[in-house]
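Small disclaimer: the values here were computed from a predicted structure and weren't measured.
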Amino acid sequence: QVQLVESGGEAVQAGGSPRLSCAASGRTFSRNVMGWFRQAPGKEREFVAAISRSDGRTYYADSVKGRFTISRDNAKNTVYLQMNSLKPEDTAHYYCAASSYTYTASYGYDYWGQGTQVTVSS
């Protein structure tokens, strides 16, 4: 029902500021929340940020608050993740996902993209 395609992942040096994009298609109106998760090698997938399509409310993980900004363009059915002041610890595979009701809880997300790699070097 919903297809998600991420782009923008790249290899950057610490302090870099790439922007990730997630293009959504299909029945996007059935999913109010769009979020970003990430998974580093050997670690559990973790929540990064989320945004409500209807009212624009945002949520951030403490580890990225103040550095990352999630935004949306409803006309283009696209959500963005602007990443600033990147650290090597931010290196991970980043996934875009859609949820009908939850923001930070992964169980509410039932549509996922293939992910895009972000690698931060020292």
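The aromatic rings of Trp112 and Phe37 lie tilted to each other, with the angle between the two planes from 30° to 60°.
Judged as a disulfide bond (SG atoms under 2.5 Å apart), the pairs with a partner in residues 7-119 (not counting sequence neighbours) are, in order, Cys22-Cys96. Sorted by first and then second residue, the disulfide bond (SG atoms under 2.5 Å apart) pairs with a member in residues 26-80 form an empty list; sequence neighbours excluded.
Inter-residue side-chain proximity for Met83 and Thr69 is flagged as unmet; no heavy-atom pair is nearer than 4.5 Å. The closest side-chain heavy-atom distance from Val118 to Leu20 is below 4.5 Å. Contact of the Asn74 side chain with the Arg53 side chain is registered, since non-hydrogen atoms from C-beta on lie closer than 4.5 Å.
Taking hydrophobic clusters as Ile, Leu, Val, Met, Phe, Trp and Tyr residues chained together by side-chain heavy-atom distances below 4.5 Å, Leu4 does not share a cluster with Tyr80.
Annotation for Tyr107: atom OH does not count as buried by contact number, only 12 or fewer foreign heavy atoms lying within 6.0 Å.
A side-chain donor from one of Tyr111 and Gln1 sits under 3.5 Å from a side-chain acceptor of the other. Counted by atom type alone, Ser25 and Gln3 present one or more donor-acceptor pairs between their side chains at under 3.5 Å. Between Gln117 and His93, the side chains place a donor N or O and an acceptor N or O closer than 3.5 Å (distance only, hydrogens not considered). A side-chain N or O of Ser54 and one of Asn32 form a donor-acceptor pair less than 3.5 Å apart.
Every residue meeting the salt bridge (charged side-chain N to carboxylate O under 4.0 Å, His left out) condition with Asp62, not counting sequence neighbours, appears here in chain and number order: Lys65. Residues meeting the side-chain hydrogen bond (donor to acceptor under 3.5 Å, both in side chains) test with Ser99, sequence neighbours left out: Thr102. Residues satisfying the salt bridge (charged side-chain N to carboxylate O under 4.0 Å, His left out) criterion with Arg67, sequence neighbours excluded, are Asp90.
Note that the OG atom of Ser63 and the CD atom of Glu89 stand 10.0 Å from one another [nearest 0.5 Å]. Rounded to the nearest 0.5 Å, atoms CG (Leu81) and CE (Met34) are 12.0 Å apart. Here CG of Asp110 is found 4.0 Å from CZ of Arg31. Values are rounded to the nearest 0.5 Å. Distance check, rounded to the nearest 0.5 Å: OH of Tyr95 to OG of Ser106 gives 13.0 Å.
For Ala50 against Val33, the heavy-atom pair with the smallest separation is CB-CG1, 4.1 Å. When all heavy atoms of Arg19 and Gln82 are compared, the pair lying nearest together is CB-OE1, 3.6 Å. Of all heavy-atom pairs between Ile70 and Trp36, the closest is CD1-CD1, 3.7 Å. In terms of heavy atoms, Leu86 sits closest to Pro18 at CD1-CD, 3.3 Å.
For Tyr109 (side chain) and Tyr103 (main-chain N/O), a donor-acceptor pair under 3.5 Å exists by modelled atom type. Between the side chain of Ser17 and the backbone N or O of Asn84 there is no donor-acceptor pair closer than 3.5 Å. Between the side chain of Glu6 and the main chain of Gln114, a donor-acceptor pair closer than 3.5 Å is present. Of the possible polar contacts, none joining the Tyr94 side chain to the Ser7 backbone as a donor-acceptor pair under 3.5 Å is found.
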Distance-only donor-acceptor pairs under 3.5 Å for side chains of residues 40-49, two or more places apart:
{"residue": "Glu46", "atom": "OE2", "partner": "Arg38", "partner atom": "NE", "Å": "2.7"}
{"residue": "Glu46", "atom": "OE2", "partner": "Arg38", "partner atom": "NH2", "Å": "3.3"}

